[in-house]
Protein chains: 2
Amino acid sequence: MNTKYIGFESPGVTVDLVIFTVNEDQLKVMLVRRAESPFDGFWSLPGGFLKIGESLDAAAHRVLCEKSGVDDVYMEQLYTFGEPKRDPRSRVITVAYIALIPWQHLPQPESTKVTDLTWLPVDHLPKLAFDHKEIINYAVSRLRAKVSYSNIVYGLMPKQFRLSELQSMYECIINDKLDKRNFRKRMLATGLLKETGKKDHAGAHRPAMLYQFKSKEIVFF
Amino acid sequence: MNTKYIGFESPGVTVDLVIFTVNEDQLKVMLVRRAESPFDGFWSLPGGFLKIGESLDAAAHRVLCEKSGVDDVYMEQLYTFGEPKRDPRSRVITVAYIALIPWQHLPQPESTKVTDLTWLPVDHLPKLAFDHKEIINYAVSRLRAKVSYSNIVYGLMPKQFRLSELQSMYECIINDKLDKRNFRKRMLATGLLKETGKKDHAGAHRPAMLYQFKSKEIVFF
DNA sequence: ATACTTAGTGTTCATTTTACACTTAGTATA
DNA sequence: TATACTAAGTGTAAAATGAACACTAAGTAT
């Protein structure tokens, strides 16, 4: 903050969103197809330039709404990427955000026609535009770490759910199996869940109690 | 990344450094006195504008060297602050970094004359320029958290040290007392320390074995 | 009525964490 | 040179936590 202003030399500033969901037992990330050079036709993270007068968080929310049609989701700033050559056209630094959306909350596409938006499993990504794969990898490692010391998975669950669904969510993210009894004990011991009283009668088997979170607040253990 | 370039509307981009050291059993942060409006005369974080062609990390290192005269220290990106009004003059977003410097490695000021640089304890800060107090508070909470699940304190220790000094370092940062025997057991159990063979004969008491880190690598537990 | 499927539940053992007090090896001083 | 002083250095027992493990319950479908 001690240097003189040299406004016209300023880099461009964007926000890019790593929007996660879990579907078909896979952790997936939202990608949009670029329709211009550079990386024309490549998948990339949804993002956009920061507007003057707009906070970083506001810009991230704006992009989130534009692309997902959803607001009111868990979102946090991830990291700021600023290698000089990360955009081949000119200097652009990007502030990356993580967002979590329950699959059930997403407006489902009407048909299977090719669109410029997709959800791909994080462990099988094609070549992406810019440094977006690096950004996603960092986001995935942050998410995987955070799952184990917080209740951040809240952001990916529907309002009501079976404990087995919650367990499955954890297993998808950390990519490992958990012991059912220990998992239930631990979850109920947090005191963050409550029974809804309702039961889920799906399937030819004993119905499951539906649970929900007492609060949407994120807690660190 | 889907919007058009509007280069001349770009916000300014700075890096600001929260440089920590521990001295006199207190966690302290480096501050520089502003010599211009706004906040003329207030203490502020060392920082500067990002140069075109310079990566964020490089800019942070440049500022670090300018102000501390030290390189080769632990540094990590903290968070990017971008509220529209955080700089009253114009739109500036700042990428904040944390750096750790052992007190012993700092070039000591020759005299006690008033300078434009100081180290103040993080828990007793005066009013600071911009949103710098908020940035410091966030940095302190990050540091305090990270101390408990990594060996990040390496960054604050001199090359060789007594175990009691290491313990004291932990205690200063987390602001709590630790049990001596448990602390030693835990530290030695990590396998990251080695005896130097040398002993520290300071003081009228049994001399202490001097230890050092096997590697400067940061490890998460 | 029977088969099928997921829901739901406790205990034991191993490991980790915590609490806690005395002896040792020097330096300083009388 | 004997004594006092100070921080260094060490082990164990109890408590808490984490990990492994298998059967019964309650529905739906045939």
Side-chain angles (χ1 to χ4, degrees), chain A residues 22 24-25 144-145 147-151 153 157-213 219-221, chain B residues 22 24-25 145 147-151 153 157-172 174-213 219-221:
Chain A
V22 170
E24 297 169 326
D25 284 338
R144 290 199 165 128
V147 154
S148 64
Y149 63 87
S150 78
N151 60 349
V153 288
M157 298 299 293
K159 290 230 171 56
Q160 304 193 338
F161 47 85
R162 294 176 279 138
L163 284 184
S164 60
E165 289 173 317
L166 185 61
Q167 179 175 349
S168 165
M169 179 63 67
Y170 273 87
E171 291 174 338
C172 287
I173 294 170
I174 64 176
N175 239 328
D176 203 359
K177 288 289 168 192
L178 298 172
D179 178 87
K180 181 163 66 159
R181 278 176 290 191
N182 292 337
F183 177 81
R184 288 167 164 254
K185 257 181 294 180
R186 209 158 356 104
M187 286 298 130
L188 294 175
T190 63
L192 301 170
L193 295 176
K194 66 176 175 198
E195 298 187 352
T196 62
K198 285 183 244 169
K199 294 201 172 185
D200 179 352
H201 288 258
H205 51 79
R206 177 174 177 174
M209 175 63 70
L210 286 170
Y211 286 82
Q212 63 184 48
F213 299 114
V219 179
F220 299 91
F221 306 131
Chain B
V22 170
E24 297 170 324
D25 283 339
V147 155
S148 64
Y149 61 88
S150 78
N151 60 348
V153 289
M157 299 299 294
K159 291 230 170 54
Q160 306 194 337
F161 47 85
R162 296 176 278 137
L163 285 184
S164 60
E165 289 173 316
L166 185 60
Q167 179 174 349
S168 165
M169 180 62 67
Y170 273 87
E171 292 174 337
C172 288
I174 63 175
N175 238 328
D176 203 359
K177 288 288 169 193
L178 298 171
D179 178 87
K180 181 164 64 159
R181 278 177 289 191
N182 293 336
F183 177 82
R184 288 167 165 255
K185 256 180 296 178
R186 209 161 351 106
M187 285 298 129
L188 295 174
T190 63
L192 301 170
L193 295 176
K194 66 177 176 199
E195 297 187 353
T196 62
K198 286 184 244 170
K199 294 201 173 185
D200 179 351
H201 289 256
H205 51 79
R206 177 174 179 174
M209 174 63 70
L210 287 170
Y211 287 81
Q212 62 184 47
F213 299 113
V219 179
F220 299 91
F221 306 131

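Naming convention: chains lettered A, B, ... in sequence-line order (proteins, then strands); numbering from 1 in each chain.
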Dump the intermediate steps for side-chain contact (heavy atoms from CB on, under 4.5 Å) on Thr190(B) and Val219(B), then the final yes or no.
CA-CA 10 Å; Thr190(B) 63; Val219(B) 179; over 6 Å; no
Distance, nearest 0.5 Å, that separates OH of Tyr211(A) from OG1 of Thr196(A):
9.0 Å
Report the distance from atom CG of Leu166(B) to atom CE of Met157(B), rounding to the nearest 0.5 Å.
4.5 Å
Of all nucleotides in DNA chain C with an atom under 4.0 Å from a non-hydrogen atom of chain A, which is the first and which the last going 5' to 3'?
dC4(C) to dT11(C)
What ring pair (Phe, Tyr, Trp, His ring centres under 6.0 Å) pairs are there with at least one residue in residues 173-193 of chain A, not counting sequence neighbours?
Tyr170(A)-Phe183(A)
Ser168(A): partners by side chain to side chain donor-acceptor pair (under 3.5 Å), with sequence neighbours left out:
Asp25(A)
Does Ser164(B) have any side chain to side chain donor-acceptor pair (under 3.5 Å) partners at least two apart in sequence or in another chain, and if so, which?
Arg162(B)
Intermediate values then yes/no, side-chain contact (heavy atoms from CB on, under 4.5 Å), Phe161(A) and Asp200(A):
CA-CA 8 Å; Phe161(A) 47 85; Asp200(A) 179 352; over 6 Å; no
Go through the structure and list residues passing side-chain contact (heavy atoms from CB on, under 4.5 Å) with Ile174(A), not counting sequence neighbours.
Val147(A), Asp176(A), Leu178(A)
Test side chain to side chain donor-acceptor pair (under 3.5 Å) applied to Asn182(B) - qualifying residues, sequence neighbours left out
Asp179(B), Lys185(B)
Looking at residues at least two apart in the chain, or sitting in another chain, which of them share a side-chain contact (heavy atoms from CB on, under 4.5 Å) with His201(B)?
Lys199(B), Pro207(B)
Taken in chain and number order and not counting sequence neighbours, the residues that satisfy side-chain contact (heavy atoms from CB on, under 4.5 Å) with Lys194(B) are Gln212(B), Lys214(B)
Those residues of residues 174-196 of chain A lying under 4.0 Å from DNA chain D by at least one heavy atom:
Asp179(A), Arg181(A), Asn182(A), Lys185(A)
Sequence neighbours excluded, which residues qualify as side chain to side chain donor-acceptor pair (under 3.5 Å) partners of Glu195(A)?
none
Under a 4.0 Å heavy-atom cutoff, the residues of residues 157-169 of chain A touching DNA chain C are Arg162(A), Ser164(A)
What protein N or O atoms touch nucleotides 24-27 of chain D N or O atoms at under 3.5 angstrom, if any, and at what distances?
{"unit_1": "dA25(D)", "atom_1": "O4'", "unit_2": "Arg206(A)", "atom_2": "NH1", "d": "3.3"}
{"unit_1": "dA25(D)", "atom_1": "N3", "unit_2": "Arg206(A)", "atom_2": "NH1", "d": "3.4"}
{"unit_1": "dA26(D)", "atom_1": "O4'", "unit_2": "Arg206(A)", "atom_2": "NE", "d": "3.4"}
{"unit_1": "dA26(D)", "atom_1": "N3", "unit_2": "Arg206(A)", "atom_2": "N", "d": "3.1"}
{"unit_1": "dG27(D)", "atom_1": "N2", "unit_2": "Ala204(A)", "atom_2": "O", "d": "2.5"}
{"unit_1": "dG27(D)", "atom_1": "N2", "unit_2": "His205(A)", "atom_2": "N", "d": "3.4"}

